[in-house]
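As structure tokens, the structure follows; a few thoughts come after it.
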Amino acid sequence: MTELFDAPVRDGAIKLHGPEGFEGMRRAGRLAADCLDMLTPHVLPGVTTAFLDDLARQFIIDNSALPACLGYRGYRHTICTSINHVVCHGIPGQRALREGDIVNVDVTVIVDGWHGDTSRMYGVGKVSPRAKRLVEITYEGLARGLAAVKPGARFGDIGHAIQSYVEAQRCSVVADFCGHGVGKVFHDAPNVMHFGRPGTGEMLKPGMFFTIEPMINLGRKDVKVLADGWTAVTRDKSLSAQCEHSIGVTETGVEIFTASVTGQFQPPIET
Ligand code: MF3
Ligand code: CO
Ligand code: CO
């Protein structure tokens, strides 16, 4: 019974984690990144997103972990697959990938209660130069957000680092979805905005765990959610890209729990 009462919950406070939290998140983050690495050679023209979902689920189960999204708020899949103008939460299905698509795959695994949440962009065969450019801007936006993470900085500094760069490239930052605290709770406090003003928001402290997961559009920032209740798309049908890491604030900066062991920050996209 104790465990039931002690189960971690989202209570609005930003949790500060110790060494065992870092250890747990390293293992969860590593497995989530491994899952995306595993999928890479399968993201090809003709492959359905349902097949990628099956591969991811099997991989996670084979590694004695749990797919966090399966059953989460009624979601029935392991990954989200967001193609082209889909901003996030695309539902895997019988839609086959086509040459030239860009697709975000977002996976969250649970290892010993810890959540590793990460997503990447994949190019399906050769993609257009503008699609590749959007993907590169999105990774650079995430990189700039990560570079702003250190004790004493504020959440607004992260958002500002992303927004100022992305808007200077004449792209837009989606405002309707944000990053989140992460740990034993999947979506914990705080909400991590990908836009903002320097020096505003809560101060970052060692032991805070959260995601940064900017969604960047080639056109306007406006999104709508389709009738399925999940799929978010750009209102102007412009291309959208996203990438996500789960991170911890350290004494000196940031630890990226979901970094790929291949050492690649941004997987290659062919044009
Ligand atoms: N992984 C997503 C995130 O980055 C959440 C997906 S929720 C789901 O927060 F239910 F759609 F899977
Ligand atoms: Co997330
Ligand atoms: Co995610």
Side-chain angles (χ1 to χ4, degrees), residues 26 28-49 51-60 63 67 69 78-90 92 95-109 116-147 162 165-166 169 171 174 179 194 211-218 239-247 254-271:
R26 274 177 204 133
R30 160 82 188 264
L31 185 66
D34 286 350
C35 182
L36 295 185
D37 286 342
M38 178 278 297
L39 290 176
T40 303
H42 297 284
V43 183
L44 298 168
V47 170
T48 67
T49 50
F51 178 70
L52 298 179
D53 190 67
D54 287 338
L55 287 176
R57 186 182 61 258
Q58 203 55 56
F59 178 85
I60 293 164
N63 282 277
C69 295
T78 295
I79 57 175
C80 297
T81 49
S82 303
I83 304 172
N84 297 337
H85 75 297
V86 179
V87 172
C88 63
H89 302 162
R95 151 76 149 99
L97 296 171
R98 292 190 281 264
E99 176 96 18
D101 285 342
I102 54 169
V103 57
N104 175 278
V105 178
D106 191 338
V107 69
T108 307
V109 307
D117 184 7
T118 185
S119 81
R120 288 181 207 159
M121 295 303 297
Y122 300 84
V124 182
K126 291 193 194 308
V127 311
S128 68
R130 57 203 294 278
K132 179 176 170 133
R133 175 174 172 269
L134 172 66
V135 171
E136 281 173 350
I137 290 166
T138 303
Y139 277 97
E140 179 63 20
L142 174 58
R144 292 191 181 212
L146 292 168
I162 298 167
Y165 167 73
V166 165
Q169 307 304 312
C171 291
V174 171
H194 304 110
T211 72
I212 305 180
E213 48 181 301
M215 284 140 275
I216 308 302
N217 300 344
L218 267 185
L239 283 181
S240 186
Q242 179 180 25
C243 49
E244 172 176 28
H245 276 308
S246 295
I247 66 163
V254 63
E255 178 169 343
I256 302 175
F257 297 126
T258 46
S260 170
V261 294
T262 68
Q264 261 172 11
F265 182 71
Q266 178 186 342
I269 300 257
E270 284 178 59
T271 52

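Everything numeric in this text was worked out from a predicted model, so none of it was measured. Residue numbers count from 1 along this sequence. All values below come from the heavy atoms of this structure, side chains included, with hydrogens, waters and symmetry mates left out.
Listed here is the closest heavy atom pair of His42 and Met38: CD2-O, 3.4 Å. Taking both residues in full, the closest heavy atoms of Gly141 and Val166 are given as CA-CG2, 4.5 Å, listed atom of the first, atom of the second, then distance. Considering every non-hydrogen atom in both Thr271 and Lys132, the closest pair reads CG2-CD, 3.3 Å. Nearest heavy atoms, Pro214 versus Cys243: CD-O, 3.4 Å. The two residues Cys35 and Ala56 come nearest to each other via the heavy atoms SG-CB, 3.8 Å. When all heavy atoms of Gly116 and Ser246 are compared, the pair lying nearest together is C-OG, 4.1 Å.
Gln242 contributes a side-chain N or O that, together with a main-chain N or O of Glu213, makes up a donor-acceptor pair within less than 3.5 Å. Under the 3.5 Å distance criterion, the side-chain polar atoms of Thr211 are left unmatched by any main-chain donor or acceptor of Gly179. Between the side chain of Ser82 and the main chain of Gly90, a donor-acceptor pair closer than 3.5 Å is present. With Asp53 contributing its side chain and Thr78 its backbone, the two residues share a donor-acceptor pair below 3.5 Å.
Listed by chain and number, the residues in a side-chain hydrogen bond (donor to acceptor under 3.5 Å, both in side chains) with Thr49 amount to none (sequence neighbours excluded). Checked against side chain to side chain contact (heavy atoms under 4.5 Å, CB included), Asn63 has the following partners two or more places apart in sequence or in another chain: Leu31, Phe59. Listed by chain and residue number, Arg30 satisfy the side-chain hydrogen bond (donor to acceptor under 3.5 Å, both in side chains) test with Asp34 (two or more places apart in sequence, or in another chain). For Thr262, the side-chain hydrogen bond (donor to acceptor under 3.5 Å, both in side chains) partners two or more places apart in sequence, or in a different chain, are Ser260. A search for side chain to side chain contact (heavy atoms under 4.5 Å, CB included) contacts involving Leu36 returns Leu39, Val105, Val107, Thr118, Arg120, Tyr122, not counting sequence neighbours. Arg133 meets the side-chain hydrogen bond (donor to acceptor under 3.5 Å, both in side chains) test with no other residue; sequence neighbours excluded. Remark: His85 pairs with no residue by the ring-ring contact (aromatic ring centres under 6.0 Å, His included) rule, at least two apart or across chains. Partners of His245 under the ring-ring contact (aromatic ring centres under 6.0 Å, His included) rule, at least two apart in sequence or in another chain, are Phe265. With sequence neighbours left out, Val87 forms a side chain to side chain contact (heavy atoms under 4.5 Å, CB included) with Val174, Met215, Asn217, Val223, Ala232, Thr234, Ser240. Here Arg95 pairs with Ile83, Asn84, Arg98, Asp101 under the side chain to side chain contact (heavy atoms under 4.5 Å, CB included) rule; sequence neighbours left out. Residues satisfying the salt bridge (charged side-chain N to carboxylate O under 4.0 Å, His left out) test with Asp117, not counting sequence neighbours, are none.
Under the 4.5 Å side-chain criterion, counting only non-hydrogen atoms from C-beta, Leu97 is in contact with Leu52. No side-chain heavy atom of Ile162 sits less than 4.5 Å from a side-chain heavy atom of Leu142.
The salt bridge (charged side-chain N to carboxylate O under 4.0 Å, His left out) contacts involving residues 254-270 comprise Arg26-Glu255, Lys126-Glu270, where partners must be two or more places apart or lie in separate chains.
In this structure, Leu44 CG and Glu99 CD are separated by 10.0 Å, a value rounded to the nearest 0.5 Å. In this structure, the separation between CD on Gln169 and CG on Leu218 is 11.5 Å, given to the nearest 0.5 Å. The distance from atom CG of Leu239 to atom CD1 of Ile102, rounded to the nearest 0.5 Å, is 4.5 Å. The OG1 atom of Thr108 sits 11.0 Å away from the CD1 atom of Ile79 when rounded to the nearest 0.5 Å.
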